[in-house]
Amino acid sequence: MLKNNIKIAWRNLKNQKFFSFIKIGGFAFSMAICLLIVLYIKHELSYDKFYQDSDQVFRVVGVVTRDNVIQKGVSMPAPAAPQLKEEFPEIISAGRVLSNPLFGAGSNQVTTNENPELLSEEGFCFIDQAILDIFPMETVYGSLNHALENPNTIVITKSKAEKLFKGDPTGKTIYLNNDKSNSYAITAVIADIPTNSNFYGFDYFMTLSGHEPYPGEKLNWLASNYSTYFKVKKGTNITSLEKKITRSYIDDHYGPALKQAGMPINKEIWNSAKMTLQPLTDIHLHSKGIRDNKIENQNRGDIQMIYIFGGIALFILIIAIINFINLSTANAATRAKEVGVRKTIGSDRKSLILQFITESLLYSVISILLALIFAFLLLPYFNGIAGKNLLFPWTSWYFLPVLITFGLFIGLISGIYPALFLSGFKPISVLKGNLNLKSKNNWFRNGLVIFQFATSIVLIIGTIVINQQVKYLLNKDLGFDKEQVLVIQGTGTLEGQQKSLKEELKNISTVSSVSITDFLPVMMDGAKRNGNALWIDGKQNEEAGIGSQNWVVDADYLPTFGIKLLEGRNFNMEMPTDSAAVVVNQRLVKELGIKNPIGAKIRNFATFTIIGVVEDFIFGNMKEDAVIPLALRIGGSPNMISVKLKTDNMEKTISEITKVWDSFSPHQKIQYSFLDEGFASLYADVQRTQSIVSTFAGFAIFIACLGLFGLAAFVTQQRTKEIGIRKVLGANLPGIVKLLSVDFIKLVFVAILIACPIGWWAMNTWLQDFSYRTNIQAWVFILAGILSLLIAFGTICYHALKIARINPVNSLKNE
């Protein structure tokens, strides 16, 4: 019987090639998109789960409330990890990661004894030996046991070892930033960090043993620079451990350190402060609102996007199922006589249901095969827009069985309603020609059309709003000029020649100004940040200071970046007193409550006099509060040089800059980037979201239109004779097109009314993640509605025009 059902199903598929193509095409495209999204979601959910005992590893996150705003951060003081491990037996191991470029992490220039050329490399960080124990990694050369216990040792990844050396590099030495005294012995080589690890992006793991950024830092409970990880005993009560760590950290260590330093305690912060333990496997998707370092943060995902993409996949699949149901039920008139005849000769309803479900499963199996081909062809494009390197798990035992089971399940779900509907016809009525389909299934079919177009309209709204937000972020007035600023990196190797290089660069006719500093308005590779507390001088023992950024710059910083000076003056290198001067932003003046800032004195590690106030400019991520109190002071920060250009002939200017650079550092290739490109990279995740949603919206609309196209073909075929009669009675072409399209257009109008509030709610919720965001304006919904109407009308119009042009003689000759 099954063999016979398959034969009949195959015959029907071949006899109705056009509608079979639409059914299978919609199914195949939908399954392909779902497959890609599932690969993406699976990868996002797999972060750090491959580490041994990953369920026992936690990251320490500090939580405080300041001015009624909850703040979370991972920066911990150096002594916290060893001290808390010693105090609590539940903690098996405690390790620290120092990835702040301020202290030598991030980017460095690398040389070896075998190759004197300076190579610019990224991905440096300092770690404890305990990190290698907590996160066991595959070893290529050497051993990770005790690999970082001695000072000046380093573990590197396989790809970097192959780039720098030939063969086994263990025991060999690398030098950083042209400093022979700053050498590291390679003790082990590990496999490249997997892309689904939170350490992805790191390639050089330098030891923290013997490394102290400044004297006394290792014992300082008031300087927080480290991410701290704990591995705890299995079965540990995490809530109880968090409470004990909080009390120990605050009452026994941080509080006494404040008192010893003579610093006051902010009661709001003190009473709200707590230490929490974030599961390792939650870090990638559940770190929203947690301040983190750049390398780790740039790999972050968002659980909200998993829900969004999962929802999109589900809706696209539902749209394909709707198409199948709509086309199957719309074809009822064609199949009705078949059902009537088969019932007359003895077929029961059960066998008919089985026949129609067999057809559905056949369509589904063919769709699965095509979906694999489509997904395989689309994967490179999808990887490009998603910023991933996803692969099909062909060799995994579960892949094909799960895929086939899923496809058959979808085929079964899609076929149930049409099977029940088509098998329910009464043979007497059918064979007499008294089949009335309108009241039975039009309401259901119309509801499905409304659903799929409402889904498509929501995606159109999402695409428009996300596109507007990306444009808003990239074009917002930041308070500084990011255009035509070329940043030269790795200038710390010039051994005091940075100022000479600066003067040579200023002699180039197309250069307007040059600034030597690592503290850039854009947090790009190599740029530094330095957060500290500031007080009005004399009140450091009376009040809690305000959190601020303290940057070291030169006198050309403001003109190079186009930062507007509102009061006072800029730095003057010929005035010796400017070594104790600061230029601050408006936010700092406001938060310190200074009425007359020029000449006022503020204090950090020393006392500084305010000589100027600049307009607030945005130098943080606009997902957060990007305007922070800021103090600029004169000093040495020579690893980057920024060059403001005044030309459209970039190629010629860069060639001149390169020539000057080569005269200063012939063994180091110039490395540069543009400030606006670095700024755009900060919002790469938002742009990826824009690309993915836009792509999925296009596919959803395509699949919806595919179904509407087939449905319109059936409806117009059923009304062929009616149109012939109307044409004989004098109906014109526009009138017939209107007649055939008006019912569908009404459904799209209903879909618009349903989709607009849903779209507004969804995108308004998404925009809440941004402190700086665009407004959702009415034209967005108008445009989405017009687009959906035009798409629907264009889809229907083809069939309407086709049937309207048929000679009525041909359509009525059989009457």
Side-chain angles (χ1 to χ4, degrees), residues 100-104 213-217 220 222-223 261 480 491-492 494-503 505-506 513-521 527-541 545-589 591-592 594 596-615 617 619 628-644:
N100 192 337
L102 191 65
F103 303 120
Y214 54 86
E217 190 266 351
N220 189 348
L222 301 181
F480 69 90
T491 57
L494 296 181
E495 299 178 345
Q497 298 185 80
Q498 289 88 349
K499 291 184 179 178
S500 299
L501 174 61
K502 173 181 176 178
E503 294 305 315
L505 291 172
K506 288 170 69 175
S513 64
V514 182
S515 176
I516 304 173
T517 181
D518 302 348
F519 293 88
L520 305 181
K528 294 178 179 177
R529 294 288 182 265
N530 185 19
N532 282 288
L534 278 174
W535 294 265
I536 295 176
D537 189 40
K539 293 189 176 182
Q540 56 268 28
N541 296 326
I546 65 163
S548 68
Q549 282 289 312
N550 295 268
W551 295 359
V552 177
V553 301
D554 65 5
D556 292 305
Y557 189 85
L558 300 187
T560 298
F561 296 106
I563 298 171
K564 186 176 180 180
L565 187 67
L566 299 178
E567 294 182 62
R569 62 177 178 85
N570 192 9
F571 297 107
N572 186 337
M573 298 303 291
E574 296 181 1
M575 297 180 66
T577 55
D578 275 9
S579 61
V582 289
V583 172
V584 301
N585 67 352
Q586 295 169 287
R587 183 70 173 266
L588 185 142
V589 172
E591 294 208 7
L592 282 177
I594 303 174
N596 300 302
I598 305 303
K601 296 184 182 298
I602 59 176
R603 184 171 182 79
N604 176 236
F605 59 90
T607 300
F608 297 92
T609 302
I610 298 176
I611 62 169
V613 178
V614 297
E615 185 177 52
F617 61 93
F619 55 85
I628 303 169
L630 172 68
L632 308 174
R633 60 184 175 87
I634 291 290
S637 184
N639 295 309
M640 304 178 85
I641 293 179
S642 299
V643 185
K644 179 67 175 180

- Any chance you could measure R603, atom CZ, to F608, atom CZ, to the nearest 0.5 Å? 9.0 Å
- Query: What is the distance from atom CZ of F561 to atom NZ of K644, rounded to the nearest 0.5 Å?
  - Reply: 9.5 Å
- Looking only at heavy atoms, what is the nearest atom pair of A527 and M640, with distance? N-SD, 3.8 Å
- Apply side-chain contact (heavy atoms from CB on, under 4.5 Å) to I610 and I594, showing your working. CA-CA 11 Å; I610 298 176; I594 303 174; 4.0 Å; yes
- What do the steps show when you test S642 against S515 for side-chain hydrogen bond (donor to acceptor under 3.5 Å, both in side chains), and what is the final call? CA-CA 5 Å; S642 299; S515 176; 5.9 Å; no
- Item | Intermediate values then yes/no, side-chain contact (heavy atoms from CB on, under 4.5 Å), E591 and L534 | CA-CA 10 Å; E591 294 208 7; L534 278 174; over 6 Å; no
- Query: Under the 3.5 angstrom rule, does the side chain of R529 hit a backbone N or O of L520 as a donor-acceptor pair?
  - Reply: yes
- Message: I need the full list of salt bridge (Lys or Arg N to Asp or Glu O under 4.0 Å) pairs touching residues 547-573, with sequence neighbours left out, sorted by first then second residue.
- Response: K502-D554, K502-D556, R569-D578
- Query: For V553 and R633, what are the C-alpha separation, side-chain angles and deciding distance, and is it a side-chain contact (heavy atoms from CB on, under 4.5 Å)?
  - Reply: CA-CA 6 Å; V553 301; R633 60 184 175 87; over 6 Å; no
- Query: How many angstroms lie between atom CD1 of I628 and atom CD1 of I546, to the nearest 0.5 angstrom?
  - Reply: 11.0 Å
- NZ of K528 to CG of N100, rounded to nearest 0.5 Å, is 9.0 Å
- Query: Counting only N and O atoms by type, is there a donor-acceptor contact under 3.5 Å from the side chain of S548 to the main-chain atoms of N532?
  - Reply: yes
- Item | Nearest heavy atoms of N570 and P559, plus distance in Å | ND2-CD, 4.0 Å
- Item | Reported OG1-to-CD1 distance for the pair T607 and I536, which is rounded to 0.5 angstrom | 12.5 Å
- State whether the side chain of T517 and the backbone N or O of S637 hold a donor-acceptor pair below 3.5 Å, judged by distance alone. no
- Note on the structure: Shortest non-hydrogen pair, V552 vs G636, comes out as CG1-N, 3.4 Å
- Task: Would you give the length of the straight line joining atom CG of L592 to atom CD1 of I602, rounded to the nearest 0.5 angstrom?
- Result: 6.5 Å
- Measure the acute angle between the ring planes of F617 and F480, then classify it against the limits of 30° and 60° as parallel, tilted or perpendicular. perpendicular
- Message: If you define the side chain from C-beta out and look only at heavy atoms, does anything of Q586 sit under 4.5 Å from V613?
- Response: yes
- Message: Donor-acceptor check, side chain of T560 to backbone of V643, threshold 3.5 angstrom: yes or no?
- Response: no
- Closest non-hydrogen atom pair between Q498 and G492, with its separation: NE2-CA, 3.7 Å
- Query: Are the side chain of E217 and the backbone of Y214 linked by a donor-acceptor contact shorter than 3.5 Å?
  - Reply: no
- Message: Whether the side chain of Y557 engages the backbone of F571 through a donor-acceptor N/O pair (distance < 3.5 Å, no angle test) should be reported.
- Response: no
- Test side-chain contact (heavy atoms from CB on, under 4.5 Å) on F619 and W551 and set out the steps. CA-CA 12 Å; F619 55 85; W551 295 359; 3.6 Å; yes
- Query: For D518, does its backbone N or O pair with a side-chain atom of N639 as donor and acceptor, under 3.5 Å?
  - Reply: no
- Message: So does L632 get a backbone contact from the side chain of N550, meaning a donor-acceptor N/O pair under 3.5 Å?
- Response: no
- Query: Closest heavy-atom contact between T609 and K601?
  - Reply: OG1-NZ, 2.9 Å
